[in-house]
Amino acid sequence: MRHLSRNKMYTAVTVLGFALSLTFVLLLGVYIQNELSVDDFHENKNRIYRLENETVDFSPPIATDLKQEYPEIEAFSRVYNSSDRIAAQGGQKVQFDYLGVDPGFLNMFSFPLLQGNATEVLLTEDDIVLSRSMALRLFGSGNAVGKSVYINSEHKFRVTGVMEDFPETTHFNRQDALVNLKAFKKIWGFENILEEYGWCSLSIYLMAKPNTDLLSKAPSILTNFKENFWLYKEGWAKTVEFTPLKELYFSDKVGNGTKNASKSMIMVLSIIVFIILLLAVGNYINLTIAQATFRGKEVAMKKLLGGSKNQLIRQLVAESMSLCFVAVILALLLAKLFEPLLNSLLDTSLNLSQALNMTNFVILVCGVLLIGFITGIVPAIKISNFKPIEVVRGELRTKSKSVYAKAFITFQYTVAIALLACSWIIMKQTDYLRNKDLGFNKDNVVYMDYLGDMGQKQDIKNELLKIPGVKDVSVMWQSPLSGGSNQTFNYNGKSLSFQEFSADSSFYELFNIKIVPTDVAYSNKGVILNEAAIKALEIEGNPVSYKMDDKEIPILGVVKNFNFSQLRNSIGPLMIQQQVPGSYANNIFLKLDGRGTLKTIDQIKATYGSIVGDVEYEVQFVDETIDQWYKKEERTGKIIGYFTFLAVIISSMGILAMATFYMQQRKKEIGVRKVNGATIGKVMALLNRDFLKWVGLAFLFAVPISWYAMHRWLEGFAYKTTISWWVFVLSGLLTLLVALLTVSWQSWRAASINPVESLRSE
């Protein structure tokens with residue numbers, strides 16, 4: 001305690017630096033543990049697989065065909081995610097997300113039912129199971145089972161069960177309800193949905209019988225599909241895979257109603273946790289050894305008075321463990337403080353209090369003891385080896401070559417420079433994506449779900465156009481924000497895949513998309529194609545029409561390629577059909593004049609609400625929605641940025657430790673130089689030069705590492721920014737500046753000491 005109180009700066013840097021590092025180790029450790037435990041709670045987790053090819057989309061009859069043909073399959077459930085409006089009798093129509101599933105879904109997956117029996121709740125197309133939150137919203141705290149709800153006003157369902165809300169630890173998105181897949185017959189009017197091979201838009205989960213090898217049947221199924229399933233016969237799919245349930249969360253394929261996470265991100269975060277812990281332990285050892293000369297006389301006196309080497313080591317290790325426990329307590333407090341920040345950064349819901357169960361508590365205590373021992377034993381052995389006579393006579397010379405320390409400092413700054421460069425490039429790419437010209441106007445455009453009858457489209461459009469501030473209105477099915485719907489067809493003996501949406505004539509003016517008209521007379525069956533579609537059809541000269549299966553489709557015009565999906569993907573073929581009376585619509589877009597926007601939106605809500613009734617909906621901005629596409633990249637950049645800041649702090653502490661050690665070694669040399677006329681500036685330049693060499697060496701290591709990492713990361717984007725040389729130079733210069741400021745403080749202190757203080761024992 002006396003030593004710590006006399007060296008307040010050393011104590012503060014050691015404990016606070018260690019605590020700050022452990023804070024992020026604790027938080028990231030809990031996050032990684034949570035991510036790796038996704039779908040662990042399902043009792044049948046080791047027997048459930050998702051059927052996959054290059055995507056996860058299959059036709060409904062495939063599941064029944066496989067069940068009949070392969071006895072290894074015990075059960076299956078097809079899954080399709082949809083969003084609509086739901087209401088109790090006479091209540092408000094609220095937005096909700098739900099899954100269409102097979103009756104065996106709740107028997108396969110272990111989502112607990114609060115009311116109802118898993119084998120009976122989804123037997124008919126009129127049954128619905130509500131989540132606890134949705135049941136509470138529609139019916140309050142009363143019993144919901146047996147009551148009626150209405151989807152899209154007209155389709156009546158009977159509540160047969162209430163399930164617990166889907167937890168965060170599942171690869172399924174949170175859902176408000178489950179319905180029998182047959183329900184889409186009446187919701188969509190899709191009578192043959194379960195028999196339609198042409199509709200490949202749902203996911204299929206299969207549960208294998210115990211002690212069977214379903215995975216070995218993949219080659220047989222692939223052969224079957226190539227002979228009988230159009231998706232494979234026409235070359236759109238080439239593989240069959242059974243992906244285990246526990247691997248789905250980290251799959252790069254996103255199925256219906258599911259979410260995923262990057263396994264590489266978890267690996268990166270795990271490596272960061274290890275590096276932070278390594279830097280923290282290394283710095284602690286460096287700082288302790290740097291203080292060794294201050295404790296030389298204490299150690300010498302204890303040895304001269306009969307203290308053994310083992311006693312000294314036990315004392316120093318005990319001190320280290322004590323400091324480690326103090327740092328951990330402080331880290332737990334800081335972790336609770338930083339918990340909301342990490343939740344926001346990682347888009348998760350960490351709860352440190354819940355995570356501190358008995359298992360994790362034992363791991364934490366054992367970890368603290370281990371770290372305390374490691375950080376104490378290395379400096380303890382070094383300090384206990386001092387020769388007491390040399391210390392008492394003032395002849396102690398800690399003439400260490402410090403190869404380890406210099407390598408460690410180089411490693412620290414390599415990490416700091418590489419992280420800073422990566423963070424910069426990620427932010428540069430995110431900014432590029434957000435500001436790239438998409439080929440259509442996105443400013444001052446809002447949109448909402450189309451909630452009227454299909455016969456009301458023109459009336460709703462006319463009413464909205466009367467609002468001051470609304471310049472244009474377009475009613476659509478699909479849109480540039482949704483990516484369109486896939487349409488696969490035969491053309492001249494080959495299979496083509498186009499995306500499609502339908503739009504009225506206002507769409508082109510509203511989004512500022514220019515049409516080059518053809519000489520074809522207008523037809524409500526005609527389409528507008530983009531340049532990529534014309535290229536895919538191999539049409540030269542003036543386009544007139546093309547044959548889709550057995551139908552001749554008139555081409556009314558051609559538009560330049562514009563992005564209608566995220567910029568990870570390149571622009572593919574697109575056909576835009578005509579919105580005619582009676583055709584289906586699900587979006588309505590409005591172009592605003594940009595003046596008094598909030599007032600205009602309030603008027604839009606009032607007018608729209610008076611037409612569609614008491615229905616819940618949102619008015620959203622197109623540019624804000626596009627910004628949301630790149631939230632993941634923005635979060636990644638912020639995470640790397642925060643850890644860069646932490647790495648720079650830890651590195652600065654490390655170089656501070658080495659500077660302290662270095663100045664102690666050269667104390668008498670500095671005195672001699674000053675006696676012989678050296679100025680403080682010259683002494684500082686001499687002392688700083690060696691440290692700056694290490695940062696320069698770190699820069700040489702960091703540049704190729706960070707360039708390679710970012711080059712690989714950018715390969716995932718169809719459109720990408722350049723990796724500019726100045727990013728690496730600026731990262732190196734900023735890190736160098738921080739290092740220079742850190743070292744200069746210590747070198748100034750050493751250079752300012754009266755040389756008499758350094759030389760009086762000579």
Side chain proximity check, Ile588 to Ser474, heavy atoms < 4.5 angstrom: no
Would you mind reporting whether Leu330 and Val328 have side-chain heavy atoms less than 4.5 Å apart? no
Hey, are the side chains of Phe24 and Leu334 touching, using non-hydrogen atoms and a 4.5 Å cut-off? no
Is a side-chain N or O of Thr170 found less than 3.5 angstrom from the main chain of Phe166, in a donor-acceptor match? no
Scanning both residues in full, the closest heavy-atom pair of Arg50 with Ser203 reads CD-CB, 4.5 Å
Report yes or no: does Ser344 contribute a side-chain atom to a donor-acceptor pair with the main-chain N or O of Pro340 at less than 3.5 Å? no
Flag the pair Glu52 / Leu248 as yes when at least one side-chain heavy-atom distance between them is below 4.5 Å, and no otherwise. yes
Residue list, ring-ring contact (aromatic ring centres under 6.0 Å, His included) with Trp236, at least two apart or on another chain: none
One pair to check against salt bridge (charged side-chain N to carboxylate O under 4.0 Å, His left out): Asp623 and Arg434. What are the steps and the verdict? CA-CA 9 Å; Asp623 55 355; Arg434 283 185 165 156; over 6 Å; no
Validation row, ring centre Tyr413 to ring centre Phe701 under 6.0 Å: no
For the residue pair Phe507 and Phe562, does the interplanar ring angle fall in the parallel (under 30°), tilted (30 to 60°) or perpendicular (over 60°) class? tilted
Could you check Leu27, Leu26, Val268, Leu28 and say which one makes a side-chain contact (heavy atoms from CB on, under 4.5 Å) with Val273? Leu28
Between Glu54 (side chain) and Lys238 (backbone), is there a donor-acceptor pair under 3.5 Å? yes
Looking at the rings of His42 and Phe111, which for Trp means the six-membered one, are their centres under 6.0 Å apart? yes
For a 4.5 angstrom cut-off between non-hydrogen side-chain atoms, does Tyr49 reach Tyr205? no
So for atom CZ, which belongs to Phe41, do other residues, nucleotides or ligands contribute more than 12 heavy atoms lying within a distance under 6.0 Å? yes
Partners passing side chain to side chain donor-acceptor pair (under 3.5 Å) against Tyr80 (at least two apart in sequence or in another chain): none
